[in-house]
There are 2 protein chains.
Amino acid sequence: MTYCLGIITESGLIMAADSRTHAGVDKVSSFQKLFDFSVPGERVILTCNSGSLSLTQGVLNRMRHDIKAQAEISLQACSTLYDAACYMGGVIRQVHQQDGAWLKQEGIDFSCRFILGGQILGEPPELYLIYNEGNFIQATQETPFFQIGETKYGKPILDRTLSYDTPLATAAKCALLSIDSTIKSNLSVGPPINLVMYEANSFLVQHQLNLGADNPYLIKMSTTWQNTLKQAAEDIPEIDWDWQAEYLKKS
Amino acid sequence: MTYCLGIITESGLIMAADSRTHAGVDKVSSFQKLFDFSVPGERVILTCNSGSLSLTQGVLNRMRHDIKAQAEISLQACSTLYDAACYMGGVIRQVHQQDGAWLKQEGIDFSCRFILGGQILGEPPELYLIYNEGNFIQATQETPFFQIGETKYGKPILDRTLSYDTPLATAAKCALLSIDSTIKSNLSVGPPINLVMYEANSFLVQHQLNLGADNPYLIKMSTTWQNTLKQAAEDIPEIDWDWQAEYLKKS
């Protein structure tokens with residue numbers, strides 16, 4: 001499995017991904033899932049992916065090939081991020097046409113999803129979630145984050161801490177906490193964690209980290225969070241077990 | 001969907017369940033999932049269930065019938081909780097024999113799981129998770145809780161706050177927080193929440209609540225938790241984005 005997320009706020013973007021890939025518990029390996037296709041000063045384009053590794057690598061390789069071949073349409077030739085999302089959806093469909101029927105023969109679903117985030121000169125920052133089928137949705141102020149892969153463990157923390165006006169540095173911490181919570185509860189998601197913080201209108205990826213399991217900040221953050229949750233659970237007012245009896249009497 | 005959990009600690013048991021049942025978004029209803037088969041002073045027996053409502057109700061109705069008919073084996077006739085788990089597994093298999101093939105014809109999986117918790121005079125408190133197939137596992141000090149249904153959203157909070165030596169009143173709050181987190185992130189889990197706290201060796205269910213969405217404690221707990229998480233995410237030390245550069249220089 002995998003866990004990746006993208007966040008858009010009024011001040012920029014966060015993209016984050018774990019690195020664990022597995023096909024059964026005895027076939028566990030580490031593959032990067034967050035990629036940077038930026039052209040400094042002109043465009044920031046970041047992708048992360050979940051699903052079958054052969055399919056996501058297939059999509060990434062075709063996209064890299066189009067850039068190298070200076071194709072008419074590529075991540076470095078499109079003029080809006082919407083165009084980039086259309087293009088990525090098209091590449092996913094090409095891979096589907098190539099591999100889909102062969103996978104189906106073996107009862108394997110065609111499974112790959114991408115988050116695309118970035119900003120192209122003259123455009124605002126945008127964030128997209130691109131599905132298996134090549135169609136996609138765009139994040140808005142009401143729903144400022146997308147998750148792919150093993151999404152459930154890390155969702156409550158995002159639901160409770162994030163909004164479009166969250167400061168970017170705090171959103172980066174929320175992303176790390178969301179991935180760290182998932183790693184703690186599910187063996188199929190694991191470090192290193194790739195994290196990028198992009199400040200709107202800078203057209204430059206200035207903040208990125210690759211955090212291994214032994215990273216001192218990650219360890220400290222995880223421990224601090226655990227202690228805070230434990231303390232918070234203790235500090236919440238005790239349950240009033242007589243409440244219902246009283247309530248029933250009153251009603 | 002559903003979300004239920006059972007917790008065993010050195011001082012007793014917590015059992016908790018939501019009440020939402022749905023077959024599609026236009027067929028949402030409320031059914032109790034936590035049931036009390038106790039005989040005060042002699043045995044405390046609590047069950048909660050997830051899966052197809054027709055199957056879980058089938059199991060519960062057969063168990064009630066056996067009690068009423070004063071059958072040789074029933075939840076009120078067994079002498080250990082292990083025997084009760086064996087018995088419940090057997091009842092699940094009876095329902096499977098009755099309905100399984102008919103469901104299979106329509107491509108519907110036979111799906112029902114139970115958590116069984118309690119204490120019978122002369123025995124310690126115990127907690128079991130009983131599977132579809134009628135087999136079961138018992139909670140231990142290392143893994144003092146079981147979840148069934150929509151389990152992922154509420155697992156991180158349990159992983160981070162619970163252990164066998166957690167005070168029982170705190171464990172009850174953790175259970176509520178776990179369910180509340182799930183309700184906030186997933187529409188298929190919903191109030192009222194049924195909650196029981198059983199103190200070991202009391203052989204009496206003295207603490208139980210049925211908390212509706214408008215319950216003032218539940219609202220306050222949920223708001224307090226949300227504020228605490230937001231504050232905690234802000235309070236965690238800022239990410240040192242230069243860390244990696246330094247680390248690379250050092251290595």
Side-chain angles (χ1 to χ4, degrees), chain A residues 150-163 166-167 169-174 176-178 180-182 184-186 195 197 206-212 215-218 220-222 224-245 247, chain B residues 150-163 166-167 169-174 176-178 180-182 184-186 195 197 206-212 215-218 220-222 224-245 247:
Chain A
E150 190 64 81
T151 61
K152 294 185 178 182
Y153 301 103
K155 188 166 183 282
I157 188 175
L158 301 177
D159 283 335
R160 282 200 139 120
T161 59
L162 264 191
S163 58
T166 302
T170 305
K173 291 190 282 180
C174 294
L176 269 191
L177 287 169
S178 178
D180 184 61
S181 295
T182 307
K184 194 150 175 74
S185 289
N186 187 298
L195 179 70
M197 177 170 82
Q206 290 172 294
H207 300 101
Q208 56 175 311
L209 287 172
N210 180 36
L211 305 169
N215 178 277
Y217 177 78
L218 200 60
K220 197 182 168 193
M221 187 203 69
S222 188
T224 307
W225 188 249
Q226 171 139 345
N227 294 340
T228 305
L229 292 198
K230 267 194 160 175
Q231 193 58 50
E234 281 172 30
D235 289 349
I236 277 185
E238 295 299 319
I239 296 171
D240 176 9
W241 296 95
D242 296 326
W243 175 85
Q244 194 157 33
Y247 180 81
Chain B
E150 190 63 79
T151 61
K152 294 184 179 184
Y153 301 101
K155 188 167 183 284
I157 188 174
L158 301 177
D159 283 335
R160 282 200 139 120
T161 58
L162 264 191
S163 59
T166 301
T170 305
K173 290 190 282 178
C174 295
L176 270 192
L177 288 169
S178 178
D180 183 60
S181 295
T182 307
K184 194 152 175 74
S185 289
N186 188 298
L195 178 70
M197 177 171 82
Q206 290 172 296
H207 300 101
Q208 57 176 311
L209 287 173
N210 180 37
L211 304 170
N215 179 277
Y217 177 79
L218 200 59
K220 196 181 169 195
M221 187 202 69
S222 188
T224 307
W225 188 248
Q226 170 139 345
N227 294 340
T228 305
L229 291 199
K230 268 194 159 175
Q231 193 58 48
E234 282 172 30
D235 289 349
I236 277 185
E238 295 300 318
I239 296 171
D240 176 9
W241 296 94
D242 296 326
W243 174 85
Q244 195 156 31
Y247 179 80

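So you know, we letter chains A, B, ... as the sequences are listed, proteins then strands, and number each from 1.
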Chain B: which of A:D180, A:L158, A:T166, A:T151 shares the most heavy-atom pairs with it under 4.5 Å?
A:D180
Straight-line distance of B:I236 CD1 to A:W225 CH2, nearest 0.5 Å:
6.0 Å
Report which part of B:S181 has an atom under 4.5 Å of a heavy atom belonging to chain A: side chain, backbone, both, or neither.
both
Measuring from atom CG of A:N186 to atom CG of B:D159, what distance do you get when rounded to the nearest 0.5 angstrom?
10.0 Å
Find the distance between NZ (A:K230) and CD1 (B:I157) and round it off to the nearest 0.5 Å.
12.5 Å
Closest heavy-atom pair and its distance - B:K220, A:P237
NZ-CG, 4.0 Å
What's the spacing between B:T161 OG1 and A:Q226 CD if we round to 0.5 Å?
8.5 Å
Do B:T228 and A:L229 come close enough that some side-chain heavy atom pair is under 4.5 Å?
no
At their closest point, which heavy atom of B:E238 faces which heavy atom of A:Y217, and how far apart are they?
O-CE1, 3.6 Å
Max heavy-atom pairs within cutoff under 4.5 Å with chain B, candidates A:H207, A:R160, A:M221, goes to A:R160
Proximal component of B:S222, with respect to chain A [non-hydrogen, under 4.5 Å]:
both
B:K184 side chain to A:P156 main-chain N or O, any donor-acceptor pair under 3.5 Å?
no
Identify which part of B:L195 has an atom lying under 4.5 Å from any heavy atom of chain A, answering side chain, backbone, both or neither.
both
Tell me, for B:Q206 versus chain A, whether the close heavy atoms (under 4.5 Å) come from the side chain, the backbone, both or neither.
neither
Taking every non-hydrogen pair under 4.5 Å, which of A:T182, A:N227, A:T170 racks up the most with chain B?
A:T170
Calculate, to the nearest 0.5 Å, the distance between atoms NZ and CG belonging to B:K173 and A:D235 respectively.
7.5 Å
Look at the side chain of B:K155 and the backbone N and O of A:S185, then say whether any donor-acceptor pair between them is shorter than 3.5 Å.
yes
For the residue pair A:Y153 and B:K152, what are the closest heavy atoms and their distance?
CD2-O, 3.1 Å
I need the A:M197 CE to B:I239 CD1 distance, nearest 0.5 Å.
7.5 Å
